[in-house]
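Keep in mind that the numbers below use all heavy atoms, side chains included, and drop hydrogens, waters and symmetry copies.
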Amino acid sequence: MQLEYISAFNVVLGVISRFWPVWIALAIVLGASFVYKKKLGLYGQLFDSGVGIVGVGICLFWLFTAIFASTISPFDPLAQVPVMKDALPGAIEPTSKLIYYFGGDKLARDVFSRMVFGSQIVLIIAPAATGFALMVGITLGLPAGYYGGRIDTFLSFLANLVLAFPVILLFYLLVTPGIMDTPIPYAMAGLFFLFPIIFFSVLFWTRYKNRPDRLYILLGLTLVIGGWIYAGLVFDADPLKIVHIDPNQLNIFVAVVFASSPGVFRIVRGLTMDIKTRDYVAAAQTRGESPWYIMLWEILPNARGPLIVDACLRIGYTTILLGTLGYFGLGLAPESPDWGTAIKDASRLLRSFIHPALPPTIALMSFVLGLNLLADSLREQSMKD
(Lines give C-alpha, C1' and ligand atoms only; values in the text may rest on other atoms or scores of the structure.)
Protein backbone atom coordinates (compact mmCIF):
# COMPACT_ATOMS: atom_id res chain seq x y z
CA MET A 1 0.00 0.00 0.00
CA GLN A 2 1.29 3.41 -0.96
CA LEU A 3 1.41 5.75 2.03
CA GLU A 4 0.50 9.42 1.90
CA TYR A 5 2.71 12.03 3.54
CA ILE A 6 2.37 15.60 4.75
CA SER A 7 5.03 18.27 4.20
CA ALA A 8 7.87 18.91 6.65
CA PHE A 9 6.34 22.28 7.54
CA ASN A 10 3.05 20.60 8.47
CA VAL A 11 4.95 18.02 10.50
CA VAL A 12 6.51 20.79 12.59
CA LEU A 13 3.18 22.56 13.04
CA GLY A 14 1.48 19.30 13.89
CA VAL A 15 4.05 18.40 16.55
CA ILE A 16 3.78 21.85 18.11
CA SER A 17 -0.02 21.62 18.16
CA ARG A 18 0.04 18.17 19.79
CA PHE A 19 1.80 19.70 22.79
CA TRP A 20 -1.01 22.21 23.41
CA PRO A 21 -1.64 21.12 27.05
CA VAL A 22 2.08 21.49 27.77
CA TRP A 23 2.14 25.05 26.38
CA ILE A 24 -0.87 26.03 28.48
CA ALA A 25 0.61 24.53 31.64
CA LEU A 26 3.98 26.19 30.98
CA ALA A 27 2.33 29.57 30.42
CA ILE A 28 0.41 29.31 33.70
CA VAL A 29 3.31 28.06 35.83
CA LEU A 30 6.02 30.30 34.37
CA GLY A 31 3.73 33.32 34.38
CA ALA A 32 2.84 32.80 38.04
CA SER A 33 6.50 32.17 38.86
CA PHE A 34 7.55 35.49 37.33
CA VAL A 35 4.80 37.39 39.14
CA TYR A 36 5.46 35.88 42.58
CA LYS A 37 9.17 35.11 42.29
CA LYS A 38 10.05 37.31 45.28
CA LYS A 39 7.84 35.14 47.47
CA LEU A 40 9.05 31.77 46.18
CA GLY A 41 12.47 31.66 47.86
CA LEU A 42 15.19 29.73 46.05
CA TYR A 43 12.84 28.70 43.23
CA GLY A 44 11.93 32.33 42.57
CA GLN A 45 15.59 33.32 42.46
CA LEU A 46 16.09 31.02 39.47
CA PHE A 47 14.14 33.51 37.33
CA ASP A 48 16.76 36.19 37.90
CA SER A 49 19.07 34.61 35.30
CA GLY A 50 18.60 33.40 31.76
CA VAL A 51 20.27 30.07 32.55
CA GLY A 52 17.79 29.44 35.36
CA ILE A 53 14.79 30.31 33.20
CA VAL A 54 15.89 27.99 30.40
CA GLY A 55 16.70 25.17 32.83
CA VAL A 56 13.34 25.45 34.60
CA GLY A 57 11.52 25.72 31.27
CA ILE A 58 13.08 22.56 29.82
CA CYS A 59 12.51 20.53 32.98
CA LEU A 60 8.89 21.70 33.26
CA PHE A 61 8.34 20.94 29.56
CA TRP A 62 9.23 17.28 30.06
CA LEU A 63 7.37 17.12 33.36
CA PHE A 64 4.14 18.31 31.74
CA THR A 65 4.80 16.06 28.74
CA ALA A 66 4.88 13.07 31.09
CA ILE A 67 1.70 14.23 32.84
CA PHE A 68 -0.27 14.82 29.61
CA ALA A 69 1.30 11.97 27.61
CA SER A 70 -2.02 10.26 26.87
CA THR A 71 -3.44 13.52 25.49
CA ILE A 72 -0.38 14.43 23.43
CA SER A 73 0.20 11.02 21.84
CA PRO A 74 -2.00 10.14 18.87
CA PHE A 75 -1.27 6.40 19.22
CA ASP A 76 -0.67 3.76 21.85
CA PRO A 77 3.15 3.44 22.20
CA LEU A 78 2.90 -0.34 21.87
CA ALA A 79 0.36 -0.42 19.03
CA GLN A 80 1.61 -1.90 15.75
CA VAL A 81 0.21 -1.03 12.32
CA PRO A 82 2.02 -3.32 9.84
CA VAL A 83 1.71 -0.95 6.90
CA MET A 84 3.53 1.76 8.89
CA LYS A 85 6.74 -0.25 9.37
CA ASP A 86 9.75 2.06 8.85
CA ALA A 87 7.41 4.79 7.60
CA LEU A 88 9.09 8.15 7.11
CA PRO A 89 8.12 11.21 9.18
CA GLY A 90 4.78 12.69 8.20
CA ALA A 91 3.20 9.43 7.08
CA ILE A 92 -0.62 9.23 7.30
CA GLU A 93 -1.99 6.05 8.86
CA PRO A 94 -4.53 4.75 6.27
CA THR A 95 -7.29 3.64 8.65
CA SER A 96 -7.48 6.39 11.27
CA LYS A 97 -5.95 9.13 9.06
CA LEU A 98 -3.79 10.11 12.04
CA ILE A 99 -0.22 11.11 11.37
CA TYR A 100 3.02 9.39 12.31
CA TYR A 101 4.78 12.71 12.87
CA PHE A 102 8.22 11.17 13.43
CA GLY A 103 7.56 8.08 11.32
CA GLY A 104 7.37 4.43 12.32
CA ASP A 105 10.01 2.11 13.76
CA LYS A 106 10.98 -1.39 12.64
CA LEU A 107 7.99 -2.85 14.52
CA ALA A 108 5.56 -0.36 12.95
CA ARG A 109 5.07 1.66 16.17
CA ASP A 110 4.67 5.43 16.25
CA VAL A 111 8.04 6.99 17.13
CA PHE A 112 6.45 10.23 18.34
CA SER A 113 4.09 8.47 20.76
CA ARG A 114 6.89 6.29 22.11
CA MET A 115 9.08 9.34 22.71
CA VAL A 116 6.27 11.07 24.62
CA PHE A 117 5.43 8.05 26.78
CA GLY A 118 9.12 7.41 27.35
CA SER A 119 9.23 10.65 29.36
CA GLN A 120 6.93 9.07 31.94
CA ILE A 121 9.38 6.27 32.66
CA VAL A 122 12.35 8.62 32.94
CA LEU A 123 10.55 11.17 35.13
CA ILE A 124 9.24 8.48 37.47
CA ILE A 125 12.39 6.44 38.03
CA ALA A 126 15.17 9.05 37.94
CA PRO A 127 13.80 11.70 40.37
CA ALA A 128 12.20 9.16 42.72
CA ALA A 129 15.32 6.99 42.91
CA THR A 130 17.46 10.10 43.46
CA GLY A 131 15.11 11.19 46.25
CA PHE A 132 15.44 7.85 48.02
CA ALA A 133 19.23 7.97 47.58
CA LEU A 134 19.19 11.41 49.23
CA MET A 135 17.20 10.02 52.16
CA VAL A 136 19.68 7.17 52.65
CA GLY A 137 22.75 9.38 52.23
CA ILE A 138 21.45 12.12 54.54
CA THR A 139 20.28 9.73 57.26
CA LEU A 140 23.69 8.03 57.39
CA GLY A 141 25.91 11.00 56.50
CA LEU A 142 24.68 13.29 59.28
CA PRO A 143 25.67 11.03 62.23
CA ALA A 144 28.90 10.02 60.51
CA GLY A 145 30.03 13.63 60.15
CA TYR A 146 28.65 14.81 63.49
CA TYR A 147 29.81 12.02 65.80
CA GLY A 148 32.94 10.86 63.96
CA GLY A 149 34.86 8.04 65.60
CA ARG A 150 33.80 4.44 65.07
CA ILE A 151 30.45 5.36 63.54
CA ASP A 152 32.19 7.43 60.89
CA THR A 153 34.81 4.77 60.27
CA PHE A 154 32.26 1.99 59.83
CA LEU A 155 29.85 3.91 57.58
CA SER A 156 32.67 5.40 55.51
CA PHE A 157 34.10 1.92 54.99
CA LEU A 158 30.75 0.68 53.64
CA ALA A 159 30.42 3.71 51.36
CA ASN A 160 33.96 3.33 50.02
CA LEU A 161 33.34 -0.37 49.46
CA VAL A 162 30.40 0.39 47.14
CA LEU A 163 32.21 3.27 45.43
CA ALA A 164 35.16 0.97 44.67
CA PHE A 165 33.06 -0.87 42.06
CA PRO A 166 32.80 0.63 38.55
CA VAL A 167 29.29 2.06 38.23
CA ILE A 168 28.41 0.37 34.95
CA LEU A 169 29.64 -3.01 36.21
CA LEU A 170 27.70 -2.55 39.44
CA PHE A 171 24.49 -1.79 37.55
CA TYR A 172 25.11 -4.67 35.17
CA LEU A 173 25.34 -7.05 38.12
CA LEU A 174 22.24 -5.66 39.82
CA VAL A 175 19.85 -5.58 36.85
CA THR A 176 20.68 -8.84 35.09
CA PRO A 177 17.74 -11.26 34.72
CA GLY A 178 19.36 -13.77 37.10
CA ILE A 179 19.33 -11.29 39.98
CA MET A 180 15.74 -10.33 39.22
CA ASP A 181 14.61 -13.89 39.91
CA THR A 182 16.10 -13.85 43.42
CA PRO A 183 14.79 -12.12 46.57
CA ILE A 184 17.84 -9.79 46.59
CA PRO A 185 16.10 -6.77 44.93
CA TYR A 186 13.13 -7.03 47.31
CA ALA A 187 15.39 -7.35 50.35
CA MET A 188 17.35 -4.28 49.28
CA ALA A 189 14.11 -2.41 48.54
CA GLY A 190 12.78 -3.36 51.98
CA LEU A 191 15.89 -1.84 53.56
CA PHE A 192 16.18 1.33 51.45
CA PHE A 193 12.47 2.21 51.58
CA LEU A 194 12.60 2.28 55.37
CA PHE A 195 14.92 5.28 55.38
CA PRO A 196 12.32 7.95 54.40
CA ILE A 197 10.01 6.71 57.17
CA ILE A 198 12.85 6.81 59.69
CA PHE A 199 14.04 10.21 58.47
CA PHE A 200 10.67 11.97 58.73
CA SER A 201 9.79 10.27 62.02
CA VAL A 202 13.01 11.52 63.63
CA LEU A 203 12.60 14.91 61.95
CA PHE A 204 9.15 15.48 63.46
CA TRP A 205 10.08 13.95 66.83
CA THR A 206 13.05 16.24 67.37
CA ARG A 207 11.04 19.33 66.34
CA TYR A 208 7.73 18.74 68.10
CA LYS A 209 8.47 16.40 71.02
CA ASN A 210 7.28 19.10 73.42
CA ARG A 211 4.08 19.64 71.39
CA PRO A 212 2.33 16.25 71.45
CA ASP A 213 -0.82 17.57 69.77
CA ARG A 214 1.09 18.28 66.57
CA LEU A 215 3.66 15.48 67.00
CA TYR A 216 1.14 12.64 67.10
CA ILE A 217 -0.62 13.90 63.97
CA LEU A 218 2.60 14.20 61.98
CA LEU A 219 3.97 10.86 63.20
CA GLY A 220 0.67 9.18 62.44
CA LEU A 221 0.59 10.57 58.91
CA THR A 222 4.23 9.56 58.38
CA LEU A 223 3.63 5.99 59.51
CA VAL A 224 0.34 5.57 57.65
CA ILE A 225 1.43 7.12 54.35
CA GLY A 226 4.94 5.66 54.61
CA GLY A 227 3.61 2.21 55.45
CA TRP A 228 1.11 2.38 52.60
CA ILE A 229 3.81 3.30 50.05
CA TYR A 230 6.21 0.77 51.58
CA ALA A 231 3.67 -2.07 51.30
CA GLY A 232 2.89 -1.16 47.70
CA LEU A 233 6.49 -0.85 46.53
CA VAL A 234 8.10 -3.74 48.39
CA PHE A 235 5.29 -6.29 48.71
CA ASP A 236 2.92 -5.08 45.96
CA ALA A 237 0.25 -5.20 48.66
CA ASP A 238 -1.42 -1.80 48.28
CA PRO A 239 -5.11 -2.45 49.09
CA LEU A 240 -6.13 0.51 46.91
CA LYS A 241 -4.01 -0.72 43.96
CA ILE A 242 -2.54 2.77 43.50
CA VAL A 243 1.09 2.25 44.55
CA HIS A 244 2.69 -0.32 42.29
CA ILE A 245 6.02 -0.81 40.57
CA ASP A 246 6.90 -3.44 37.98
CA PRO A 247 9.67 -5.90 38.93
CA ASN A 248 11.91 -4.57 36.14
CA GLN A 249 11.51 -1.00 37.36
CA LEU A 250 11.99 -2.03 40.99
CA ASN A 251 15.28 -3.66 40.07
CA ILE A 252 16.56 -0.50 38.38
CA PHE A 253 15.18 1.64 41.20
CA VAL A 254 17.06 -0.33 43.84
CA ALA A 255 20.24 -0.34 41.76
CA VAL A 256 20.14 3.46 41.40
CA VAL A 257 19.59 3.97 45.14
CA PHE A 258 22.35 1.51 46.04
CA ALA A 259 24.88 3.08 43.67
CA SER A 260 24.00 6.73 44.39
CA SER A 261 23.65 6.64 48.19
CA PRO A 262 27.42 6.43 48.96
CA GLY A 263 28.09 9.58 46.90
CA VAL A 264 25.37 11.48 48.75
CA PHE A 265 26.70 10.09 52.05
CA ARG A 266 30.18 11.48 51.42
CA ILE A 267 28.83 14.92 50.47
CA VAL A 268 26.61 15.11 53.57
CA ARG A 269 29.40 13.83 55.81
CA GLY A 270 31.83 16.45 54.52
CA LEU A 271 29.30 19.27 54.86
CA THR A 272 28.39 18.15 58.38
CA MET A 273 32.04 18.08 59.50
CA ASP A 274 32.40 21.66 58.27
CA ILE A 275 29.11 23.11 59.53
CA LYS A 276 29.26 21.54 63.01
CA THR A 277 32.12 23.94 63.85
CA ARG A 278 29.95 27.03 63.26
CA ASP A 279 28.83 29.32 66.06
CA TYR A 280 25.11 28.66 65.66
CA VAL A 281 25.74 24.94 66.21
CA ALA A 282 27.67 25.74 69.39
CA ALA A 283 24.76 27.96 70.48
CA ALA A 284 22.30 25.09 69.96
CA GLN A 285 24.54 22.77 71.98
CA THR A 286 24.65 25.37 74.76
CA ARG A 287 20.82 25.51 74.76
CA GLY A 288 20.83 21.77 75.43
CA GLU A 289 19.43 20.66 72.08
CA SER A 290 19.76 16.97 71.25
CA PRO A 291 22.33 15.86 68.64
CA TRP A 292 19.65 14.79 66.17
CA TYR A 293 17.87 18.13 66.53
CA ILE A 294 21.13 19.91 65.73
CA MET A 295 21.80 17.65 62.77
CA LEU A 296 18.32 17.95 61.23
CA TRP A 297 17.34 21.51 62.12
CA GLU A 298 20.66 23.36 62.32
CA ILE A 299 23.13 21.57 60.03
CA LEU A 300 20.92 20.12 57.28
CA PRO A 301 19.13 23.40 56.35
CA ASN A 302 22.50 25.11 55.97
CA ALA A 303 23.71 22.30 53.68
CA ARG A 304 20.70 22.46 51.38
CA GLY A 305 22.42 24.45 48.59
CA PRO A 306 25.07 21.86 47.65
CA LEU A 307 22.59 19.03 48.17
CA ILE A 308 20.00 20.55 45.82
CA VAL A 309 22.66 21.10 43.16
CA ASP A 310 23.91 17.53 43.60
CA ALA A 311 20.34 16.20 43.33
CA CYS A 312 19.80 17.97 39.98
CA LEU A 313 23.08 16.64 38.60
CA ARG A 314 22.38 13.18 39.99
CA ILE A 315 18.98 13.04 38.28
CA GLY A 316 20.78 13.85 35.03
CA TYR A 317 23.37 11.13 35.62
CA THR A 318 20.59 8.67 36.44
CA THR A 319 18.71 9.59 33.26
CA ILE A 320 21.82 8.93 31.18
CA LEU A 321 22.39 5.68 33.06
CA LEU A 322 18.82 4.55 32.38
CA GLY A 323 19.41 5.27 28.71
CA THR A 324 22.66 3.30 28.82
CA LEU A 325 20.97 0.31 30.47
CA GLY A 326 18.14 0.48 27.95
CA TYR A 327 20.68 0.60 25.12
CA PHE A 328 22.25 -2.63 26.41
CA GLY A 329 18.83 -4.22 26.82
CA LEU A 330 19.03 -4.41 30.62
CA GLY A 331 16.41 -3.66 33.23
CA LEU A 332 13.20 -2.60 31.50
CA ALA A 333 11.12 -4.83 29.25
CA PRO A 334 12.18 -5.01 25.55
CA GLU A 335 8.92 -3.34 24.40
CA SER A 336 9.33 -0.45 26.85
CA PRO A 337 9.09 3.02 25.23
CA ASP A 338 11.86 4.43 27.42
CA TRP A 339 14.38 6.51 25.51
CA GLY A 340 17.33 4.15 25.98
CA THR A 341 15.47 1.14 24.61
CA ALA A 342 14.17 3.24 21.70
CA ILE A 343 17.71 4.33 20.82
CA LYS A 344 18.93 0.74 21.01
CA ASP A 345 16.17 -0.52 18.72
CA ALA A 346 16.75 2.28 16.20
CA SER A 347 20.55 1.99 16.19
CA ARG A 348 20.45 -1.39 14.49
CA LEU A 349 19.06 0.15 11.31
CA LEU A 350 20.87 3.49 11.27
CA ARG A 351 22.31 2.92 7.79
CA SER A 352 18.82 2.51 6.36
CA PHE A 353 16.57 4.63 8.60
CA ILE A 354 17.90 7.34 10.89
CA HIS A 355 14.58 8.97 11.82
CA PRO A 356 13.56 6.54 14.65
CA ALA A 357 16.80 7.24 16.55
CA LEU A 358 16.69 11.04 16.53
CA PRO A 359 13.58 11.83 18.70
CA PRO A 360 14.56 9.75 21.78
CA THR A 361 18.18 10.91 21.47
CA ILE A 362 17.21 14.59 21.34
CA ALA A 363 14.70 14.09 24.17
CA LEU A 364 17.31 12.48 26.42
CA MET A 365 19.89 15.15 25.56
CA SER A 366 17.49 18.06 26.14
CA PHE A 367 16.25 16.78 29.51
CA VAL A 368 19.79 16.28 30.82
CA LEU A 369 20.73 19.71 29.45
CA GLY A 370 17.83 21.27 31.33
CA LEU A 371 18.90 19.59 34.57
CA ASN A 372 22.49 20.76 34.13
CA LEU A 373 21.39 24.35 33.47
CA LEU A 374 19.13 24.17 36.51
CA ALA A 375 22.04 22.89 38.63
CA ASP A 376 24.31 25.68 37.36
CA SER A 377 21.75 28.32 38.29
CA LEU A 378 21.18 26.76 41.72
CA ARG A 379 24.94 26.69 42.30
CA GLU A 380 25.17 30.42 41.55
CA GLN A 381 22.29 31.20 43.93
CA SER A 382 23.74 29.02 46.71
CA MET A 383 27.09 30.83 46.38
CA LYS A 384 25.29 34.17 46.77
CA ASP A 385 23.56 32.90 49.89
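Using bins of under 30°, 30° to 60° and over 60° for the plane-to-plane angle, the ring pair Tyr101/Phe112 lands in the perpendicular bin. Between Phe68 and Phe64, the two ring planes are tilted [angle within 30° to 60°]. Between Phe61 and Phe19, the ring planes are tilted. Angles from 30° to 60° get that label. Classified by interplanar angle (parallel below 30°, tilted 30° to 60°, perpendicular above 60°), the ring pair Phe204/Tyr208 is tilted.
For CD1 of Ile24, the number of neighbouring non-hydrogen atoms (other residues, nucleotides, ligands) closer than 6.0 Å is greater than 12. For Arg18, the CZ atom sits in a packed shell: over 12 heavy atoms of surrounding residues, nucleotides or ligands are nearer than 6.0 Å. In this structure, Trp292 places its CH2 atom where more than 12 heavy-atom neighbours from other residues, nucleotides or ligands lie under 6.0 Å away. Within a 6.0 Å radius of CZ in Phe34, more than 12 heavy atoms belonging to other residues, nucleotides or ligands are found. Residue-environment remark: OH (Tyr216) stays at or below the threshold of 12 foreign heavy atoms within 6.0 Å. Counted within 6.0 Å of OH on Tyr317, heavy atoms from surrounding residues, nucleotides or ligands total 12 or fewer; the atom is thus considered open. Heavy-atom contacts from other residues, nucleotides or ligands closer than 6.0 Å to CD of Gln80 number more than 12. The number of heavy-atom neighbours closer than 6.0 Å to CG of Asp279, taken from other residues, nucleotides and ligands shown, is 12 or below.
Listed here is the closest heavy atom pair of Ala311 and Thr130: O-CG2, 3.8 Å. In plain terms, the two heavy atoms of Gly227 and Ile197 that are nearest each other are N-CD1, 4.1 Å. Scanning all heavy atoms of the two residues, the minimum distance from Phe75 to Phe117 falls at O-CE1, 4.2 Å.
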- Decide side chain to side chain contact (heavy atoms under 4.5 Å, CB included) for Ile16 and Trp23; before the verdict, give the C-alpha distance in whole Å, the side-chain angles of both, and the deciding distance to 0.1 Å. CA-CA 9 Å; Ile16 293 175; Trp23 306 132; 3.8 Å; yes
- Chi angles and distances behind the side chain to side chain contact (heavy atoms under 4.5 Å, CB included) call for Ser201, Leu219: CA-CA 6 Å; Ser201 297; Leu219 283 180; 4.0 Å; yes
- Task: Show your reasoning for whether side chain to side chain contact (heavy atoms under 4.5 Å, CB included) applies to Tyr230 and Leu194.
- Result: CA-CA 8 Å; Tyr230 185 89; Leu194 281 175; 3.8 Å; yes
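At distances below 3.5 Å, at least one donor-acceptor pair connects side-chain atoms of Ser119 with backbone N or O atoms of Val116. When atom types are taken as modelled, the side chain of Thr341 and the backbone of Pro337 share no donor-acceptor pair closer than 3.5 angstrom. Formation of a donor-acceptor pair under 3.5 Å by the Arg266 side chain with backbone atoms of Ser156 is not found in this model.
Counting only residues at least two apart or in different chains, salt bridge (Lys or Arg N to Asp or Glu O under 4.0 Å) contacts with residues 143-171 comprise Asp152-Arg269.
Note on Met115 and Leu78: separate hydrophobic clusters, where clusters join Ile, Leu, Val, Met, Phe, Trp and Tyr whose side-chain heavy atoms are under 4.5 Å apart, directly or indirectly.
Using a 4.5 Å heavy-atom threshold, the side chains of Phe132 and Phe195 count as separate. Looking only at side-chain heavy atoms (C-beta outward), Leu307 and Leu300 come within less than 4.5 Å of each other.
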With a cut-off of 3.5 Å and sequence neighbours excluded, list every side-chain donor-acceptor pair involving residues 85-92.
none

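Trp62 and Ser366 are linked by a side-chain donor-acceptor pair at a separation below 3.5 angstrom, with hydrogens and angles left out of the test.
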